[in-house]
Asker: 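Supplied in structure tokens, the structure appears directly below.
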Amino acid sequence: MVDRGASALSLPDDRPAHPDPILALNRMGSFDWDLDTGQFHMDARAHEIFDLRPDEYDGNPASLAVRVPPVEGIRLDELVAQAIKDGSENYGAYFRLRLRDGTPRWTHTQGYIRRDDTGRPRRIVGIIRDATDELSDLAARDDEAALDDARRAQTNEQTNVVQLTTAALAHARTVQDVIDVLKDTHGLTHLGATSLVMGLVEAGRIRLIAEGPEGSFVPGTLVTGIDEPYPMSEVVRTLTPRFIESPEEFAGGYPMLWPHLTDLRITSAAYLPLIVQAHPIGAMGLLYSDRRGFTPEERNILVALGSSIAQSLQRAMFYEQEKDIAQGLQQAMLPRTIPSVPGADVAVRYRAATIGGSLGRDIGGDWYDLIPLPGGRVGAVIGDVQGHDTHAAAVMGQLRIVLRAYAAEGHPPATVMARASVFLHELDTDRFATCLYAEADLSTGVVQVVRAGHIDPLLRAPDGTCRRVSVAGGLPLGLSAEFGSLDYPVGTVELDPGHTLLLCTDGLVEQPGADLDDGMRALAAMIAAGPADVRKLADLLIEVAEERGGDDDVALLLLRRRSPDAPQAGNRLQQHVAPGDPEALAVARHMILAAVRAWGARDRSDEIELVADELITNALMHTEGAAIVTLRALTGGDRRLRVEVEDSSSALPRRREAGESGVSGRGLLLVDLLADAWGVEARGGGKCVWCEFVVRDTRRREGS
């Protein structure tokens with residue numbers, strides 16, 4: 001029943017003063033529906049007919065849905081709406097209730113519409129009675145037309161739900177998107193389902209991927225075998241839907257499952273195999289608490305729904321597989337690690353594009369690179385290959401490697417850019433690329449910059465002010481070779497101590513409908529207001545890009561020249577630890593212990609060794625690749641030892657509660673307790689977990 005409201009107008013109250021005794025003699029209940037407030041008041045007898053206790057009903061007609069099946073509610077709403085629209089004074093109808101124990105009850109209602117002086121409906125008063133006993137065969141035949149209408153309305157409603165659900169599934173890109181569509185309150189719940197379960201076939205088993213509502217999960221069903229006595233397993237084995245039409249049938253057919261569903265008051269269920277090209281990819285179950293049995297039309301509709309869901313799931317799984325491949329390619333093409341640069345702090349970040357509805361396009365051609373050069377110099381590269389697909393990523397990988405090789409050979413910046421352009425042109429690809437190459441001498445602070453169609457760099461001063469550095473540029477890579485214009489002008493930037501040079505791709509700047517210059521000014525203002533630490537600043541910028549979204553990927557590189565009094569890298573040791581190689585792990589432990597003692601930190605050697613061992617073990621256990629262990633002695637201010645463990649996984653470590661009897665989950669708690677500082681940094685396609693220890697030089701004390 002719908003909720004209707006109107007402005008308050010005068011209306012004579014012509015209700016009987018004490019109707020209850022009169023109606024009770026005829027086993028009738030009464031109701032008074034205030035259309036202004038939407039409140040639907042019932043007397044005690046009406047509560048009994050609806051099988052509701054007074055404390056179970058709040059006066060909202062929508063609350064009666066627990067007893068009135070959806071199809072009956074729709075029919076009554078349409079009847080009342082039509083009577084109001086036609087100017088009728090009353091209406092009457094038979095309808096069915098579903099009692100607390102699931103038993104159906106035929107009920108009859110008669111309502112009288114009261115209108116104000118303007119003819120506007122303000123109130124409906126009426127009676128309701130139990131019509132089960134009195135409904136004779138003749139009355140049933142008289143009402144057969146109404147029942148047929150109700151059945152047709154129910155079938156039409158279910159067909160509409162299938163159509164709406166299918167339309168919504170067309171926009172689902174991932175498996176989670178499919179689940180969200182199915183659990184939407186405006187989706188399958190219109191079919192009257194109380195609970196939804198769904199599983200996918202994986203390696204001969206069914207893995208549960210969705211269940212609802214909350215609290216309906218059955219222990220032991222997260223992963224089940226196809227040969228186990230469960231309905232989803234049965235429909236996968238037989239490729240045939242299973243319709244369970246009564247609690248007795250459910251309890252008899254599936255005694256292992258039924259005891260866990262009794263609290264949901266399930267009266268029937270429909271389990272559907274999800275079939276694609278004659279192969280089952282999963283199964284879905286719809287459980288009902290207000291119906292028994294399924295008509296042939298309802299079965300056909302549910303089977304059609306299962307087919308639509310199966311197609312959407314397969315499309316979503318293909319998308320996720322292609323996305324994983326694309327992201328793996330992207331990570332392989334970007335630098336795995338960024339080398340440490342004496343005299344500078346460096347931070348790099350990458351954010352993949354997200355382009356709705358395009359398989360495999362959550363990837364692009366943006367890249368960054370940092371190239372150690374002879375004589376204390378370093379080359380910083382940022383670039384963007386045209387396109388958002390695996391082809392762009394593949395071209396980017398080749399171009400990055402070639403540009404790195406030309407720089408490492410010692411060519412000047414203009415020559416590096418010109419040769420890279422010729423290489424891209426000779427690849428015979430239809431892609432071009434923008435690029436910016438900056439070669440910095442950190443001993444003098446002189447930075448030579450070459451720009452090939454790319455956006456300008458930005459420079460931030462120690463006081464926070466940030467400005468765009470205008471650099472003369474040439475054509476993008478590939479195009480300059482095609483048009484024979486390989487002369488790239490070289491600009492010079494002074495990078496004083498404490499200054500930060502920022503290189504980025506246009507995905508961080510450009511927004512639809514906005515001018516590039518406005519975007520650069522907004523980015524400069526954001527950098528000026530951001531933190532001085534390059535890693536924190538990089539995190540801030542990439543978070544803003546994530547929140548803004550957009551259909552372009554983002555790469556950025558920040559290079560900050562250290563001040564003379566900033567901590568400088570001192571002694572440095574590094575060890576590669578391969579998975580499944582206990583000898584390499586033992587060598588790494590020996591290296592750490594020996595170095596710590598040699599560097600005069602004997603009083604904290606046990607703590608450093610224990611924390612380093614924990615970080616290395618975590619990297620080997622929770623990633624599929626090797627670990628690179630680096631130990632540094634840092635000077636300036638407090639004397640510190642820094643332990644870094646790099647791996648190829650982008651998954652960040654997280655604290656877990658181990659519990660009183662837990663044997664795992666205490667690693668990060670241990671690191672946090674023993675180290676003076678620790679954190680996580682993105683490193684190309686992976687991450688670096690680091691920790692630092694403030695130490696005293698015990699060599700002086702022992703020698704004194």
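Residue numbers count from 1 along this sequence.
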Asker: Working to the nearest 0.5 angstrom, can you tell me the gap between Leu674 CG and Glu614 CD?
Answerer: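 So the gap between those two atoms works out to 10.0 Å.
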
Asker: Given side chains that start at C-beta, do those of Glu644 and Leu615 come closer than 4.5 Å, heavy atoms only?
Answerer: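 Contact flag for Glu644/Leu615 side chains = no.
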
Asker: Please identify each residue that fulfils side-chain hydrogen bond (donor to acceptor under 3.5 Å, both in side chains) with Glu546, with sequence neighbours left out.
Answerer: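 Once residues adjacent in sequence are excluded, Glu546 has no partner under the side-chain hydrogen bond (donor to acceptor under 3.5 Å, both in side chains) criterion.
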
Asker: Could you tell me if the side chain of Met317 sits less than 4.5 Å from the side chain of Ile281, heavy atoms only?
Answerer: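 Sidechains of Met317 and Ile281: in contact.
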
Asker: Measure from the side-chain N and O atoms of Asp441 to the backbone N and O of Val446, and report whether any donor-acceptor pair falls under 3.5 Å.
Answerer: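 Side chain of Asp441 to backbone of Val446, a donor-acceptor pair under 3.5 Å: no, none is there.
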
Asker: In chain order, what residues pass the side chain to side chain contact (heavy atoms under 4.5 Å, CB included) check against Ala555, with sequence neighbours excluded?
Answerer: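 For Ala555, the residues satisfying side chain to side chain contact (heavy atoms under 4.5 Å, CB included) (neighbours in sequence not counted) are Tyr350, Asp366, Tyr368, Ile382, Thr505.
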
Asker: Please name all residues satisfying side chain to side chain contact (heavy atoms under 4.5 Å, CB included) with Arg205, sequence neighbours left out, ordered by chain then number.
Answerer: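 For Arg205, the residues satisfying side chain to side chain contact (heavy atoms under 4.5 Å, CB included) (neighbours in sequence not counted) are Val223.
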
Asker: Can you check side-chain contact (heavy atoms from CB on, under 4.5 Å) on Arg460 and Thr465, steps first, answer last?
Answerer: CA-CA 6 Å; Arg460 170 177 165 148; Thr465 56; over 6 Å; no

Asker: Run the side chain to side chain contact (heavy atoms under 4.5 Å, CB included) test against Thr174 and tell me which residues pass, sequence neighbours left out.
Answerer: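 Side chain to side chain contact (heavy atoms under 4.5 Å, CB included) check on Thr174 returns Gln176, Asp177, Tyr319, Glu320.
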
Asker: Take Leu537 and Ile527 through the side-chain contact (heavy atoms from CB on, under 4.5 Å) test and state the conclusion after the steps.
Answerer: CA-CA 7 Å; Leu537 180 57; Ile527 294 171; 4.0 Å; yes

Asker: Enter the distance from Leu620:CG to Asp647:CG here, rounded to the nearest 0.5 Å.
Answerer: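 Going from the CG atom of Leu620 to the CG atom of Asp647 covers 9.0 Å.
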
Asker: CD1 of Ile455 to CZ of Arg468: how many Å apart, nearest 0.5 Å?
Answerer: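 Reported value, rounded in 0.5 Å steps: 8.0 Å.
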
Asker: Side-chain contact, heavy-atom cut-off 4.5 Å: Ile616 with Val629?
Answerer: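 With C-beta onward as the side chain, the pair touches.
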
Asker: With a 4.5 Å heavy-atom cut-off, do Leu559 and Val534 have their side chains touching?
Answerer: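 Of all side-chain heavy-atom pairs linking Val534 with Leu559, none is under 4.5 Å.
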
Asker: With sequence neighbours left out, which residue pairs that include part of residues 394-404 fulfil the salt bridge (charged side-chain N to carboxylate O under 4.0 Å, His left out) condition?
Answerer: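 Sorted result for residues 394-404: Asp369-Arg400, Asp369-Arg404.
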
Asker: Ignoring hydrogens, what is the shortest heavy-atom contact between Val554 and Ala545? Give both atom names and the distance.
Answerer: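 Nearest pair, atom of Val554 first, then Ala545: CG2-CB, 4.2 Å.
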
Asker: Decide yes or no for Leu502 and Leu557: does some side-chain heavy atom of the first lie under 4.5 Å from some side-chain heavy atom of the second?
Answerer: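 SC-SC contact between Leu502 and Leu557 ruled out.
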
Asker: I would like to know whether Leu641 and Glu692 meet side-chain contact (heavy atoms from CB on, under 4.5 Å); could you show each step before the answer?
Answerer: CA-CA 6 Å; Leu641 290 183; Glu692 293 182 357; over 6 Å; no

Asker: Provide the closest heavy-atom pair for Ala538 versus Arg349 in the form atom of the first, atom of the second, distance.
Answerer: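 The answer is CB-CG, 3.6 Å.
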
Asker: Using a strict 4.0 Å threshold on nitrogen-to-oxygen distance, state whether Lys687 and Glu646 make a salt bridge.
Answerer: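 Salt bridge between Lys687 and Glu646, a charged N being under 4.0 Å from a carboxylate O: no.
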
Asker: Would you say that Leu540 contacts Pro531 through its side chain, given a criterion of any heavy-atom pair below 4.5 Å between the two side chains?
Answerer: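 Answer yes - side chains close enough.
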
Asker: Going by side-chain hydrogen bond (donor to acceptor under 3.5 Å, both in side chains), name the residues that satisfy it together with Asp496, two or more places apart in sequence or in a different chain.
Answerer: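 Partners of Asp496 by the side-chain hydrogen bond (donor to acceptor under 3.5 Å, both in side chains) criterion come out as none, since no residue qualifies.
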
Asker: Glu607: which residues meet the salt bridge (Lys or Arg N to Asp or Glu O under 4.0 Å) condition with it, sequence neighbours left out?
Answerer: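 With sequence neighbours excluded, Glu607 shows a salt bridge (Lys or Arg N to Asp or Glu O under 4.0 Å) to Arg604, given in chain and number order.
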
Asker: Got a sec, which residues hit side-chain hydrogen bond (donor to acceptor under 3.5 Å, both in side chains) with Arg419, two or more places apart in sequence or on another chain?
Answerer: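 Arg419 satisfies side-chain hydrogen bond (donor to acceptor under 3.5 Å, both in side chains) with His411 once adjacent residues are dropped.
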
Asker: For Ile226 and Gly204, work out which heavy atoms get closest and say how close.
Answerer: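 Closest pair (atom of Ile226, atom of Gly204, distance): CG1-O, 3.5 Å.
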
Asker: Measure from the side-chain N and O atoms of Arg377 to the backbone N and O of Ala440, and report whether any donor-acceptor pair falls under 3.5 Å.
Answerer: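 No, Arg377 side chain to Ala440 backbone: no donor-acceptor pair under 3.5 Å.
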
Asker: Does the side chain of Leu313 reach to within under 4.5 Å of the side chain of Met198, using non-hydrogen atoms?
Answerer: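 The answer is yes; the side chains approach within 4.5 Å.
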
Asker: Can you name the residues that form a side-chain hydrogen bond (donor to acceptor under 3.5 Å, both in side chains) with Arg451, not counting sequence neighbours?
Answerer: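 Per chain and number, Arg451 pairs via side-chain hydrogen bond (donor to acceptor under 3.5 Å, both in side chains) with Asp456.
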
Asker: Of all residues at least two apart in sequence or in a different chain, which pass the side chain to side chain contact (heavy atoms under 4.5 Å, CB included) check with Pro412?
Answerer: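 Counting only residues at least two positions away or on another chain, Pro412 forms a side chain to side chain contact (heavy atoms under 4.5 Å, CB included) with Thr415.
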
Asker: Can you list the residues that meet the salt bridge (Lys or Arg N to Asp or Glu O under 4.0 Å) rule with Glu202, with sequence neighbours excluded?
Answerer: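 Counting only residues at least two positions away or on another chain, Glu202 forms a salt bridge (Lys or Arg N to Asp or Glu O under 4.0 Å) with Arg207.
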
Asker: What are the two closest non-hydrogen atoms of Ala619 and Val645, and how far apart are they?
Answerer: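 For Ala619 and Val645, the tightest heavy-atom pair comes out as CB-CG1, 3.9 Å.
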
Asker: Check Gly282 against Val201 and note the closest heavy-atom contact, atom names and distance.
Answerer: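 Smallest interatomic distance, heavy atoms only, reads N-CG2, 3.7 Å.
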
Asker: To the closest 0.5 Å, what do you measure between CG (Leu200) and CG (Leu208)?
Answerer: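 Here the interatomic distance stands at 9.5 Å.
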
Asker: Between Arg562 and Asp345, does a salt bridge (charged side-chain N to carboxylate O under 4.0 Å, His left out) hold up when you go through it step by step?
Answerer: CA-CA 7 Å; Arg562 290 187 185 139; Asp345 296 319; 3.0 Å; yes

Asker: Given 3.5 Å as the limit, does a donor-acceptor pair link the side chain of His454 with the main chain of Tyr437, or not?
Answerer: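 Absent.
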
Asker: If you take all heavy atoms of Val509 and Met520, which pair is closest and at what distance?
Answerer: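 Looks like CG1-N, 3.5 Å.
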
Asker: Please report the C-alpha distance between Met417 and Cys435 in whole Å, then the side-chain angles of each, then the deciding distance to 0.1 Å, and finally whether the side-chain contact (heavy atoms from CB on, under 4.5 Å) criterion is met.
Answerer: CA-CA 8 Å; Met417 199 70 83; Cys435 184; 4.0 Å; yes

Asker: Looking at Glu609 and Asp606, would you say the former's side chain and the latter's main chain have a donor-acceptor pair under 3.5 Å?
Answerer: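 Looks like no, no N/O pair under 3.5 Å.
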
Asker: Just verifying a value: how many Å separate Leu610 CG and Ile592 CD1, rounded to the nearest 0.5 Å?
Answerer: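 If I round to the nearest 0.5 Å, the distance is 11.0 Å.
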
Asker: Heavy atoms, side chains only, cut-off 4.5 Å: are Phe423 and Leu399 in contact?
Answerer: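 Side-chain contact under 4.5 Å: yes.
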
Asker: Looking at CG of Leu541 and NZ of Lys536, how far apart are the two atoms once the value is rounded to the nearest 0.5 Å?
Answerer: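 Here the rounded value is 14.5 Å.
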
